[in-house]
Amino acid sequence: MIGKLNHVAIVVPDLTTATALYRDTLGAAVSQPVDLPPHGVTVVFVTLPNTKIELLHPFGETSPIAGFLEKNPSGGIHHICYEVDDILAARDRLKAQGARVLGDGEPKIGAHDKPVLFLHPKDFCGTLVELEQA
Ligand SMILES: C[C@H](C(=O)O)C(=O)SCCNC(=O)CCNC(=O)[C@H](O)C(C)(C)COP(=O)(O)OP(=O)(O)OC[C@H]1O[C@@H](n2cnc3c(N)ncnc32)[C@H](O)[C@@H]1OP(=O)(O)O
Ligand SMILES: [Co+2]
């Protein structure tokens, strides 16, 4: 069911520092920061030849990543995102198998203007999983 690895997301305490690290030290192509209010994050996209890295920082008062940053003040890998061909079919199959789909269970439009869903980290080996419609 899951296809390509779309991105790995890293929560960072300081986006400017993290962007400089990826651009100047690691030599990657990085975007400007983009605020995504419906998701409670600001994101910098790092484009690699075979996938993407997203550098995330909390946006707004009720960010879903605020708790993670509190527990991991130096930052850390926050989630991995897999592509699926049919996100509603994937959701229904996962729910039938007992996986917890986060939020209200309805896909939101994600950072790449495609529908996304999140699966509880405790159901997937301690890793928060994002699914994105391919
Ligand atoms: C838009 C863009 C895109 O790419 O399209 C994005 O990705 S937006 C990315 C930001 N959006 C999201 O992350 C949305 C989905 N996430 C969420 O709803 C929430 O972050 C959440 C429910 C996973 C966790 O929320 P929280 O940290 O406030 O909750 P808790 O503190 O109660 O956490 C419950 C348990 O899960 C653990 N836990 C929390 N977050 C993570 C994580 N990222 N990876 C692994 N474990 C995690 C906690 O340590 C705790 O474990 P223990 O009990 O053992 O201490
Ligand atoms: Co993501």
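In each ligand, atom 1 is the first atom listed, and ligand 1 is the first ligand listed.
The nearest heavy-atom contact from the protein to atom 15 (C) of ligand 1 is F118 CG, 3.6 Å. At the top of the distance list for atom 17 (C) of ligand 1, counting protein heavy atoms only, stands L102 CD1, 3.9 Å. Considering only non-hydrogen protein atoms, atom 13 (O) of ligand 1 sits nearest to H78 CE1, 3.2 Å. Looking from atom 3 (C) of ligand 1 to the surrounding protein, the closest heavy atom is E130 OE2, 3.1 Å. Remark: minimum distance from atom 9 (C) of ligand 1 to any protein heavy atom is reached at H79 CE1, 3.7 Å. When hydrogens are left out, the protein atom nearest atom 35 (C) of ligand 1 is K122 CE, 3.8 Å; that is the closest non-hydrogen contact. Looking at atom 45 (C) of ligand 1, its nearest protein heavy atom turns out to be G126 O, 3.2 Å.
Shown here is Y82, whose OH atom has no more than 12 heavy atoms of other residues, nucleotides or ligands within 6.0 Å. Counting non-hydrogen atoms of neighbouring residues, nucleotides and ligands closer than 6.0 angstrom, the CD atom of E61 reaches no more than 12 such neighbours. A 6.0 Å sphere centred on CG of L5 holds more than 12 heavy atoms belonging to other residues, nucleotides or ligands. Within 6.0 Å of atom CG in D14, more than 12 heavy atoms from other residues, nucleotides or ligands are found, so the atom counts as buried in its surroundings.
Put simply, atom 39 (C) of ligand 1 has no protein non-hydrogen atoms near it, under 4.0 Å away. Atom 11 (N) of ligand 1 lies below 4.0 Å from at least one non-hydrogen atom of the protein. Proximity of atom 42 (C) of ligand 1 to the protein is indicated by at least one non-hydrogen atom lying closer than 4.0 angstrom. Per-atom contact check: atom 29 (O) of ligand 1 does not touch the protein, criterion being a heavy-atom distance below 4.0 Å. Note that atom 51 (O) of ligand 1 has protein non-hydrogen atoms nearby, at separations under 4.0 angstrom. Per-atom contact check: atom 24 (C) of ligand 1 does not touch the protein, criterion being a heavy-atom distance below 4.0 Å.
Using a 30° and 60° split on the angle between ring planes, F45 and H112 fall in the tilted class, from 30° to 60°.
No side-chain heavy atom of L131 sits under 4.5 Å from any side-chain heavy atom of C81. Looking at heavy atoms from C-beta onward, V34 lies out of side-chain contact with F59 at the 4.5 angstrom threshold. When side chains are defined from C-beta on, V43 counts as touching L36, because their heavy atoms get closer than 4.5 Å. A 4.5 Å side-chain heavy-atom check between L102 and L117 finds every atom pair outside the cut-off. Proximity of D24 to L21: side-chain heavy atoms (C-beta onward) are nowhere separated by under 4.5 Å. Proximity of S31 to V44: side-chain heavy atoms (C-beta onward) are separated by under 4.5 Å at one or more points. Residues V129 and H120 are not in side-chain contact: their nearest non-hydrogen atoms beyond the backbone lie 4.5 Å or more apart.
Contacts of E54 with ligand 1, taken as heavy-atom pairs under 4.0 Å, involve the side chain alone. Here A111 has heavy atoms under 4.0 Å from ligand 1 in both its backbone and its side chain.
Looking at P115, G76, P38, P121, it is P121 that brings a heavy atom closest to atom 46 (N) of ligand 1.
Proximity to G110 (heavy-atom distance under 4.0 Å) selects the following atoms of ligand 1: 5 (O). Within ligand 1, counting atoms from 1 as listed, the ones closer than 4.0 Å to a heavy atom of I65 are 10 (C). For ligand 1, the atoms lying closer than 4.0 Å to a non-hydrogen atom of H7 are 4 (O). In the vicinity of K71, heavy-atom distances shorter than 4.0 Å reach the ligand 1 atoms 31 (O), 48 (C), 49 (O), 50 (C), 55 (O).
With 3.5 Å as the limit, one finds a donor-acceptor pair spanning the side chains of E130 and H7.
Contact annotation: C81 places no N, O or S atom under 2.8 Å from the Co ion (ligand 2).
In terms of polar-atom proximity, defined here as any N/O pair under 3.5 Å, P64 does make such a contact with ligand 1. In terms of polar-atom proximity, H120 is not counted as a contact of ligand 1, lacking any N or O under 3.5 Å from an N or O of the ligand.
Of all N/O/S atoms in E130, OE1 sits nearest the Co ion (ligand 2).
Using a 4.0 Å cut-off between charged side-chain N and carboxylate O, R91 and E106 make a salt bridge.
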